[in-house]
Amino acid sequence: MAAIRNVGDISKYNVIRNYAPLKNHFDGMIIRVGYRGYSAGVIKEDLLFKEHMKGIIGEGMPYGFYFMGQAVTESEAIAEAEFCYEMTKGYSPSFPTYYDSELSNQKGDGRADNLSRRLRTDITKAFCRRMEELGRRAGVYASKSWFETRLYAAELEKYSIWVAQYNTSCGYKETGYDMWQHTSSYKVPGLNTTFDKSYRYKEFSAVTEGGTADTLLLLDGIHSYSLKESGSKQIVAGGVRSNFLLREFRCKDGSDEIILDYGLVEILQKVRSHFGKAVSITSAYRTPSHNKSVGGATSSYHVKGQAADFTVTGVSNRDVAKYLQDIGAKGIGLYDYTGGFVHVDTREKKYFWQQDSRNSKYYSVSTFYVMVYTVKGQTVATVRYNDRNEYVQLLQQELGLNPDGIFGAKTEEAVRVFQQTHGLTADGIAGPKTWSALL
């Protein structure tokens with residue numbers, strides 16, 4: 001197969017001061033948009049994404065995108081795709097958006113590293129399908145061995161395949177492929193970083209129409225549905241097509257039955273419409289046996305099909321809980337730590353609760369509005385990635401950053417550096433000890 005172009009890919013690990021030399025070595029670039037953390041599972045923007053985009057566009061180079069996935073459900077994969085679209089909708093890529101499927105680290109202990117081949121393939125397909133529904137060409141990046149043993153590659157053939165094998169020839173034969181990444185140590189004179197380099201064999205055209213899904217008219221009240229018969233159908237509630245497929249509410253034990261409350265879908269759709277961001281459901285219906293296996297209460301609303309645990313891409317869990325409180329949801333739980341989530345259910349009697357770390361006990365609260373405290377005479381609040389408020393703005397001022405009030409990738413990195421240099425736990429969260437050192 002004769003290569004027609006040379007393509008590089010870059011992320012925060014490629015610090016580039018001058019982008020001009022790239023044009024003499026590459027005919028295009030694939031830029032990492034972001035990644036999902038392999039332990040807590042928070043979706044984050046690549047620290048240098050915007051800087052790389054400015055440099056590549058400034059040199060007039062064609063480009064595409066990739067995302068390092070660690071989704072453990074199809075719902076999370078859809079959220080990753082929607083994050084990529086939101087981050088890149090102002091750009092005009094020439095190449096696809098690739099889902100990077102590989103081990104998160106050398107230990108192989110990431111949240112998605114031990115998924116079954118079946119589930120990993122379904123997750124990858126969910127990302128690609130959603131990207132194409134949003135009008136973008138989608139692709140899959142993986143090593144030769146990963147395609148052969150961790151994915152059912154034949155099911156992904158409709159998408160662009162980008163295979164990695166660091167060799168003088170590519171021995172991948174599961175499917176055809178559009179790009180072959182043949183080295184990770186390519187050097188460009190004058191630049192102090194190494195690059196991945198790929199051969200590209202195909203010219204790409206834009207995707208103009210996305211796929212469609214059959215619909216499922218949800219019945220009022222709580223009813224039983226079949227994953228096999230209706231799992232891939234898009235839910236219609238109140239005459240309106242929702243953003244959810246029925247299978248996003250299935251039990252993780254693979255059971256065919258899905259018990260689902262119409263009112264739960266209504267609440268989640270309100271959340272989706274209000275924030276305009278993907279809602280990633282991590283747990284909804286649970287069979288009694290699965291609920292017992294995960295330590296759930298016998299009377300759990302999950303067993304009744306009336307509860308969901310979820311996150312909203314790019315929105316803090318506290319802001320989600322505040323919105324649920326504002327729209328009158330009765331059962332709300334805020335799991336307020338990195339990698340936490342929000343629980344909502346359709347109980348009739350109001351009960352709010354909060355948990356501040358994975359191993360701590362939850363406690364009842366009356367409101368989810370920010371709880372403030374005083375450090376050295378200054379009113380502050382604990383803030384973390386995705387928070388947007390005046391306390392983030394104060395934090396940025398103290399760190400010498402642009403005080404836009406948005407806790408993004410650069411703010412988190414600055415907090416980690418500050419914590420490391422002051423002997424604090426470098427978790428990227430500005431809590432009482434960090435505020436005390438700052439002030």
Side-chain angles (χ1 to χ4, degrees), residues 9-15 30-53 65-73 75-91 97-105 109-113 123 127 130-131 141 275-280 282 310-320 335-342 382-389 392 395-396 399 401-402 404-420 425-430 434:
D9 55 270
I10 52 178
S11 69
K12 70 176 185 179
Y13 301 107
N14 303 102
V15 178
I30 311 293
I31 298 100
R32 187 172 80 158
V33 179
Y35 58 96
R36 186 187 286 274
Y38 68 80
S39 57
V42 178
I43 294 177
K44 296 183 178 180
E45 173 190 349
D46 186 282
L47 184 63
L48 295 182
F49 172 67
K50 292 185 178 68
E51 186 175 320
H52 283 331
M53 288 306 301
F65 307 111
Y66 79 96
F67 181 87
M68 176 65 184
Q70 276 281 295
V72 295
T73 65
S75 179
E76 286 193 346
I78 291 169
E80 291 174 343
E82 294 198 10
F83 170 83
C84 287
Y85 180 74
E86 286 298 318
M87 289 291 296
T88 65
K89 64 184 180 182
Y91 300 109
T97 299
Y98 289 92
Y99 193 64
D100 182 352
S101 183
E102 60 180 297
L103 283 179
S104 62
N105 64 83
D109 59 357
R111 66 199 300 269
D113 288 345
I123 284 170
F127 176 93
R130 185 58 183 143
M131 281 312 316
Y141 167 89
F275 290 107
K277 302 287 182 66
V279 171
S280 178
T282 55
F310 69 99
T311 59
V312 180
T313 304
V315 180
S316 72
N317 291 331
R318 181 171 293 278
D319 283 344
V320 175
Y335 293 79
D336 195 30
Y337 47 83
T338 301
F341 55 91
V342 178
T382 297
V383 288
R384 54 169 57 81
Y385 194 82
N386 280 335
D387 281 341
R388 298 173 181 233
N389 54 45
V392 174
L395 172 70
Q396 292 167 327
L399 291 170
L401 303 175
N402 174 36
D404 60 5
I406 302 171
F407 202 127
K410 290 189 176 180
T411 301
E412 184 181 55
E413 180 68 13
V415 171
R416 289 185 190 278
V417 170
F418 177 86
Q419 290 170 327
Q420 288 171 347
T425 301
D427 57 8
I429 301 170
T434 300

ask   = Heavy atoms, side chains only, cut-off 4.5 Å: are L399 and F418 in contact?
value = yes

query = Given the rule in the side-chain contact (heavy atoms from CB on, under 4.5 Å) test, do L48 and Y13 qualify, once you have shown the distances and angles that lead to the verdict?
reply = CA-CA 9 Å; L48 295 182; Y13 301 107; over 6 Å; no

query = Is atom OH of Y38 surrounded by more than 12 heavy atoms (other residues, nucleotides or ligands) closer than 6.0 Å?
reply = no

request  = Side-chain contact test, heavy atoms from C-beta onward, threshold under 4.5 Å: evaluate it for I43 versus E80 and give yes or no.
outcome  = yes

query = Taking atom types as modelled, is there a side-chain donor on Q419 or T425 under 3.5 Å from an acceptor on the other?
reply = no

inquiry  = Measuring only between side-chain heavy atoms, which start at C-beta, is I31 closer than 4.5 Å to Y91?
reply    = no

ask   = Hey, mind stepping through T382 and T434 against side-chain contact (heavy atoms from CB on, under 4.5 Å) and telling me if it holds?
value = CA-CA 9 Å; T382 297; T434 300; over 6 Å; no

ask   = What distance separates S101 OG from Q70 CD, expressed to the nearest 0.5 Å?
value = 9.0 Å

query = Is there a side-chain contact (heavy atoms from CB on, under 4.5 Å) between E76 and T73 once you walk through the steps?
reply = CA-CA 5 Å; E76 286 193 346; T73 65; 3.3 Å; yes

request  = For residues Y98 and D9, determine if any side-chain heavy atom of one lies less than 4.5 Å from a side-chain heavy atom of the other.
outcome  = no

request  = Report the residue from Y35, F127, Y141 that forms a ring-ring contact (aromatic ring centres under 6.0 Å, His included) with Y99.
outcome  = F127

request  = Assess whether salt bridge (Lys or Arg N to Asp or Glu O under 4.0 Å) is satisfied between E82 and R130, documenting all intermediate values.
outcome  = CA-CA 7 Å; E82 294 198 10; R130 185 58 183 143; 2.9 Å; yes

message = For R416, is there an ion pair with D427 - N to carboxylate O distance below 4.0 angstrom?
response = no

inquiry  = Any heavy-atom pair between the side chains of T411 and Q396 that's under 4.5 Å?
reply    = yes

Shortest non-hydrogen separation from S316 to D387 and the atoms involved = CB-OD1, 3.0 Å

query = Under 4.5 Å between any side-chain heavy atoms of R384 and R318, yes or no?
reply = no

message = Quick check: do V42 and T338 have side-chain heavy atoms less than 4.5 Å from each other?
response = yes

ask   = Going by heavy atoms in the side chains, are Y66 and T97 under 4.5 Å from each other?
value = no

request  = Specify the closest pair of heavy atoms between V279 and S75, including all atoms of both residues, with the distance to one decimal.
outcome  = O-OG, 3.5 Å

key: Derivation of the side-chain contact (heavy atoms from CB on, under 4.5 Å) call for T311 and N317   = CA-CA 7 Å; T311 59; N317 291 331; 3.9 Å; yes

query = Considering residues, nucleotides and ligands other than R388, do more than 12 of their heavy atoms fall under 6.0 Å from its CZ?
reply = no

query = What are the two closest non-hydrogen atoms of F49 and R32, and how far apart are they?
reply = CD1-O, 3.4 Å

inquiry  = Check this for me: does any side-chain nitrogen of one of D46 and K12 sit under 4.0 Å from a carboxylate oxygen of the other?
reply    = no

key: Approximate separation, where rounding is to 0.5 Å, of Y85 OH and T313 OG1   = 15.0 Å

